[in-house]
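What follows is a short report on a single structure.
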Amino acid sequence: MTIETRPAPKLHRAWLIAGAAFVALLASAGFRAAPGVLIDPLHEEFGWSTATISSAVSVNLVLFGLFAPFAAALMERFGIRRVSATALFVIAMGAGGTVFMTASWQLVLCWGVLVGLGTGSMAMGFAAMVATRWFVRSRGVVTGVLTAAGATGQLIFLPLIANLAVNSGWRTASLVISIAALAVVPVVLLVIRDHPADVGTTAYGAPADAEITRPVAKTGSVRRALSVLGQAARTRTFWLLAVGFAICGATTNGLVGTHFVPAAHDHGMPQTTAASLLALVGVFDVVGTIFSGWLTDRVDPRILLGVYYALRGLSLALLPQLFTDSVQPSMWAFILFYGLDWVATVPPTVALCVRAFGDAGPIVFGWVFASHQLGAAFAASAAGLVRDHLGNYTLAWYSAAVLAIIASAASLAISRARKPVAVLAS
């Protein structure tokens, strides 16, 4: 009797692309994990104030956000692979260049401008582009996984950077980040492809009769990005998403990501311990963001955003009472709770952008993400000023809690789009 065997199903190329994108985002997250750890070492060596160092962080965050939509348009024009490989090289230049700085303007140039432009090109818009082009089925989960790459990078790099900064100096930490970014460039060039048609296939989960066609490259990347912004800005949905995501940035990267370590240190907690706690946020963030992606494929994204922001506001309102010179159970609870919520907002936000704006969704999300970073930049500088003038961060934490409740209300006010804005899908 002959037993018929079937060949094992072939792994779809989309999963290899997603894996390479995950590694690239992991590497680009390294230097974005550094500011909170390096503030005190830079202050001790150069005498720069917290506000001065925070201004470089703000420039980084602004460019990180503002360049994202242009990077998405550049990816449409020149391809995902070329733009992401160039971005990683620029990150390496910026991180490596900091070891030679002697003045604060050089910190702004390397840490702010170069790393800001590089990481802006490797921002969440990159994740949205990969997920939108390569996936129809499981798009929310893939968006969550790629978004979680930033948290995973924080998990890997933050304790390493903290230990290197303490034991070997902050310059060694910067060089390690530079080398890590360069090491990923060959992976991007060898594995990532710009579109499923480049390898003769369709997106994962596309209908069986879908045509294998490559979209015509858009000319004028700047014009394309600005045109999409002009059309999106005429809609109420765009502004509600932008306001919510600006507050998201203010309450994560800008405040907690930049100032949690020095705030904990103000209460007597060792820097390395505080950095490890912040890295632990990344552990739970991975779980929370992937689960959020799974939920986004099944639950109304507007409801998810409303719940996420409300819970974040509650946790930030409680944080000022949790700081001590050691890690208490209440702080462990905050780290768990806040970590699950950290960037869980990304998958539903991407879903709402694609739902409302169609093929232009990744570029629209780039602009929404720009508002995220503007909010983060404002919070990074404002919290530094609060600390310099009041001697603590208490006002910053409470203000962030109020803003999170506003973001929750804005998210719930988004109307359910019946079809994408046609002019943007062209």
Side-chain angles (χ1 to χ4, degrees), residues 14-34 60-61 63-65 67-68 71-72 74-75 79-92 94-95 115-135 139-158 160-161 177-194 249 252-253 257 279 281-283 285-290 292-293 342-347 349-350 362 365-366 369 372-373 376:
W15 294 109
L16 296 177
I17 303 297
F22 184 91
V23 173
L25 288 165
L26 196 77
S28 70
F31 208 77
R32 288 192 287 112
N60 177 294
L61 293 173
L63 291 177
F64 179 54
F67 197 67
L74 285 170
M75 288 176 188
I80 299 172
R81 182 171 58 162
R82 292 181 187 174
V83 174
S84 55
T86 302
L88 287 165
F89 182 74
V90 172
I91 292 169
V115 175
L117 290 174
T119 54
S121 300
M122 295 296 298
M124 295 175 190
F126 167 70
M129 181 71 74
V130 171
T132 301
R133 279 196 177 182
W134 281 91
F135 292 86
R139 182 180 291 168
V141 171
V142 171
T143 302
V145 171
L146 294 182
T147 302
T152 308
Q154 176 176 291
L155 166 65
I156 293 172
F157 282 105
L158 193 55
L160 175 63
I161 293 169
I177 296 167
S178 179
I179 293 169
L182 284 176
V184 179
V185 173
V187 176
V188 169
L189 294 176
L190 290 172
V191 180
I192 288 183
R193 293 296 180 268
D194 300 325
T252 53
N253 301 72
V281 168
V283 177
D285 183 26
V286 172
V287 177
T289 306
I290 294 174
S292 177
W342 178 272
V343 288
T345 55
V346 174
T349 302
V350 171
F365 177 71
F369 181 68
H372 181 281
Q373 295 310 111

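Side chains are part of it too, since the values below use all heavy atoms of this structure and drop only hydrogens, waters and symmetry mates. Computed from a predicted structure; not experimentally measured.
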Nearest heavy atoms of [X] and [Y], plus distance in Å:
X      : Y      : value
Ala92  : Leu182 : CB-CG, 3.5 Å
Arg81  : Asp194 : N-OD1, 2.9 Å
Ser121 : Ala71  : CA-CB, 3.6 Å
Ala95  : Val115 : N-CG2, 3.8 Å
Met129 : Met75  : CE-CB, 4.2 Å
Ile290 : Ala148 : CG1-CB, 4.4 Å

Which residues pass the side chain to side chain contact (heavy atoms under 4.5 Å, CB included) test with [X], not counting sequence neighbours?
X     : answer
Val23 : Val184
Leu16 : Leu11, Arg13, Val191
Ala14 : His12, Trp134, Phe135, Tyr204

Open item on the list: Nearest 0.5 Å, please: how far is CZ in Phe126 from OG1 in Thr147?
Closed with: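 It is 11.5 Å, given to the nearest 0.5 Å.
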TODO: Measure the spacing between CG of Asn60 and CG of Leu117 and express it to the nearest 0.5 Å.
DONE: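 It is 9.5 Å, given to the nearest 0.5 Å.
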Open item on the list: For Ser292, give me all partners under side chain to side chain donor-acceptor pair (under 3.5 Å), at least two apart in sequence or on another chain.
Closed with: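 Here the qualifying residues are Tyr308.
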Task: All ring pair (Phe, Tyr, Trp, His ring centres under 6.0 Å) counterparts of Phe365, not counting sequence neighbours - done: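 So Phe365 forms a ring pair (Phe, Tyr, Trp, His ring centres under 6.0 Å) with Phe245.
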Task: Side chain Thr289, main chain Val286, donor-acceptor under 3.5 Å - done: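 It does not hold such a pair.
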Task: Backbone N/O of Ile17 and side chain of Arg193: donor-acceptor pair under 3.5 Å - done: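 No; zero donor-acceptor contacts below 3.5 Å.
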- [ ] Quick one: do Thr119 and Phe67 satisfy side-chain contact (heavy atoms from CB on, under 4.5 Å)? Show the steps, please.
- [x] CA-CA 9 Å; Thr119 54; Phe67 197 67; over 6 Å; no
Open item on the list: Against Val188, only a single residue in Ile80, Leu88, Thr86 fulfils side-chain contact (heavy atoms from CB on, under 4.5 Å); can you say which?
Closed with: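 Single side-chain contact (heavy atoms from CB on, under 4.5 Å) partner of Val188 among Ile80, Leu88, Thr86: Leu88.
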TODO: Taking the side chain as every heavy atom from C-beta outward, state whether Val350 and Arg139 have any pair of such atoms under 4.5 Å apart.
DONE: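 The answer is no, as the side chains (C-beta and beyond) never meet within the 4.5 Å cut-off.
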Open item on the list: Can you confirm whether Val346 sits close enough to Phe369 that some side-chain heavy atom of one is under 4.5 Å from a side-chain heavy atom of the other?
Closed with: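 Answer no - side chains too far apart.
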